[in-house]
Amino acid sequence: MTSPSTPLRHDLRGATTRSTASRLLEGAGHAALVAYRHDPDRSHPVLAHGLTADGLLAVALPTDRPELGDAGVDVRLRIDQHGADPRLRVSTASLHALAHVRAVSAAEAADLCSRGSLPRAIAWAADAGAQVALVSLDRVVLHDQGGVSALPFAEVVDGRQSTFPAPQEEWECREIVQRMGGDRTARVAAEVVAGHRRGVVAHGQPTPASVRPFAGQTLLADVDSTGCTWIEVQDQRTRAVFVPFDLPVTTLEELEVAIGGWGQLAA
């Protein structure tokens, strides 16, 4: 197998890592908070999360939320991303951060909503009675197929104008890519493994029992502006294969064109 050079590997995975971190902060995945100083054994699910128009992280919390108090609380934030293929119930990436959460008053929440500053999902949750809170953090740590990366929060937020797909577009992205069909998908991934197409092949890990029924299949793990990540499931070992687009995509239409270009063997 011909592996990408180290600079190429870092370049390909670096762009995807930043994209994944941005998407998770924008509202993708499932978030949870742990008030580690007061109740370290309890994880509080987040109803919705996302970035405000001013680039602040906001969350909507259920009524049994941790007691925030007037000054707020210190928390551990975790946002998990799962495989795009609904049959693949494994974590493909997770974002972690130490942060401070401050509850937003009803008046402040109403002002944010009136200015269109809150993400739509959080505004809907607030209308249904959820508590809106703002999260302050300096950096995030992303665990993904490329390893572990520490990123300044400001750096991730600064690049969010080009974030694709938005949370509401993820299902349609999956549908577009899945139309490639299993044979074509496996062929594209095999070309990367053989060194005939640009891409990154992860070292892999032992195949868990929950995934063994899919042995011999190549399952979609993620789609973003930089490319597609598939999971090659084998009897004994499972690995991720990242296939980059020739150019970053920013719309569903551009995604269809990029996927269509994978019909031919790449140099």
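Hydrogens, waters and symmetry mates are skipped; everything else that's a heavy atom, side chains included, is used.
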| field | Pairwise distance CH2(Trp262) to CE(Met180) - rounded to 0.5 angstrom | value | 6.0 Å

| task | Could you tell me whether the side chains of Thr163 and Ser22 share a donor-acceptor contact shorter than 3.5 Å? | result | yes

| said: Between Asp144 and Thr20, is there a side-chain donor-acceptor contact under 3.5 Å, judged purely by atom types and distance? | reply: no

| Can you name the nearest heavy-atom pair linking Pro45 to Pro62, along with the distance? | O-CD, 3.4 Å

| Same hydrophobic cluster for Leu95 and Leu137, using side-chain heavy-atom links shorter than 4.5 Å among ILVMFWY? | yes

| query | What is the distance from atom OG1 of Thr218 to atom CG of Asp85, rounded to the nearest 0.5 Å? | reply | 11.0 Å

| said: Using every non-hydrogen atom in the two residues, find where Glu232 and Ala189 come nearest and quote the distance to one decimal. | reply: OE2-CB, 3.9 Å

| query | Between Arg76 (side chain) and Leu98 (backbone), is there a donor-acceptor pair under 3.5 Å? | reply | no

| field | Gap separating the OG atom of Ser91 from the CD atom of Gln81, nearest 0.5 angstrom | value | 7.5 Å

| said: For a quick check under 3.5 Å, do His30 and Asp80 share a side-chain donor-acceptor pair by atom type? | reply: no

| said: Strictly below 4.0 Å, N to O, side chains only: are Arg179 and Glu256 in salt-bridge contact? | reply: yes

| query | Does Ile231 belong to the same Ile/Leu/Val/Met/Phe/Trp/Tyr cluster as Phe214, with side-chain heavy atoms less than 4.5 Å apart forming each link? | reply | yes

| said: I want to check something: taking the side chain as every heavy atom from C-beta on, are Arg18 and Val156 in contact at a cut-off of under 4.5 Å? | reply: no

| query | Are Leu220 and Val193 joined in one hydrophobic group, where the rule is that I, L, V, M, F, W and Y side chains link up if heavy atoms are under 4.5 Å apart? | reply | yes

| request: Classify the side-chain pair Asp222/Thr92 by whether it contains a donor and acceptor separated by less than 3.5 Å. | output: no

| request: Determine, using the 4.5 Å side-chain heavy-atom cutoff (strictly less than), whether Val46 and Val34 are members of one ILVMFWY cluster. | output: no

| message | A side-chain contact here means heavy atoms from C-beta on lying under 4.5 Å apart; do Trp230 and Leu219 qualify? | response | no

| Are Asp183 and Arg187 within salt-bridge range, i.e. N to O under 4.0 Å? | no

| said: Could you walk me through whether Thr238 and Gln234 satisfy the side chain to side chain donor-acceptor pair (under 3.5 Å) test, starting with their C-alpha distance in whole Å, then the side-chain angles of each, then the deciding distance to 0.1 Å, before giving a yes or no? | reply: CA-CA 6 Å; Thr238 294; Gln234 302 168 353; over 6 Å; no

| message | Quick one, Leu255 and Val223 - any side-chain contact, counting heavy atoms below 4.5 Å? | response | yes

| said: Do Ile79 and Leu151 land in one hydrophobic cluster if side-chain heavy atoms of ILVMFWY residues count as linked below 4.5 Å? | reply: yes

| query | What's the shortest heavy-atom distance between His49 and Ala28, and which atoms? | reply | NE2-O, 3.1 Å

| said: Within the structure provided, determine whether Arg212 and Val233 are in side-chain contact (heavy-atom separation under 4.5 Å). | reply: no

| message | Can you give me the closest heavy-atom contact between Gly50 and Ile122, atom names plus distance? | response | N-CD1, 3.7 Å

| remark: Result for side chain to side chain contact (heavy atoms under 4.5 Å, CB included) between Leu57 and one of Val140, Val157, Val101, Val135 points to Val135

| field | Enclosure of Glu172 CD (heavy-atom neighbours >12, cutoff 6.0 Å) | value | no

| task | With the side chain counted from C-beta on, respond yes when Arg23 and Asp224 share a heavy-atom pair under 4.5 Å apart, and no when they do not. | result | yes

| request: State plainly whether the residues Glu155 and Arg139 are in salt-bridge range, i.e. N to O under 4.0 Å. | output: no

| said: Check this for me, if you would: do Glu108 and Arg102 make a salt bridge, where the nitrogen-to-carboxylate-oxygen distance has to be below 4.0 angstrom? | reply: yes

| Just by distance, do the side chain of Glu254 and the backbone of Thr250 share a donor-acceptor pair under 3.5 Å? | yes

| Closest non-hydrogen atom pair between Ala133 and Ala103, with its separation | CB-CA, 4.1 Å

| request: To the nearest 0.5 angstrom, please state how far the CG atom of Asp41 sits from the OH atom of Tyr36. | output: 15.0 Å

| request: Looking only at non-hydrogen atoms, find the nearest pair between Leu51 and Pro119 and report the distance. | output: O-CG, 3.3 Å

| task | Evaluate the side chain to side chain contact (heavy atoms under 4.5 Å, CB included) criterion for residues Val257 and Glu253: first the C-alpha distance (whole Å), next the side-chain angles of each, then the deciding distance (0.1 Å), finally the verdict. | result | CA-CA 7 Å; Val257 172; Glu253 293 75 18; 5.9 Å; no

| task | Kindly indicate, with the supporting measurements, whether the criterion side chain to side chain contact (heavy atoms under 4.5 Å, CB included) is fulfilled by Ile259 and Phe245. | result | CA-CA 8 Å; Ile259 293 298; Phe245 300 129; 4.0 Å; yes

| Is any side-chain heavy atom of His143 less than 4.5 Å from a side-chain heavy atom of His96? | yes

| said: Please check if the number of heavy atoms outside Asp246 that lie under 6.0 Å from its CG is greater than 12. | reply: no

| request: Check whether any side-chain heavy atom of Ile176 lies under 4.5 Å from a side-chain heavy atom of Cys173, and answer yes or no. | output: no

| task | Go through Thr185 and Gln178 one step at a time and tell me if the side chain to side chain contact (heavy atoms under 4.5 Å, CB included) criterion holds. | result | CA-CA 8 Å; Thr185 294; Gln178 294 287 61; 5.5 Å; no

| From CA spacing to verdict: side chain to side chain contact (heavy atoms under 4.5 Å, CB included), Leu142, Leu24 | CA-CA 10 Å; Leu142 184 77; Leu24 289 175; 3.8 Å; yes

| Validation row: Phe164, Pro248 side chains within 4.5 angstrom (heavy atoms) | no

| task | Using side chain to side chain contact (heavy atoms under 4.5 Å, CB included) as the criterion, point out the one residue from Val201, Thr226, Val192 that pairs with Phe242. | result | Thr226

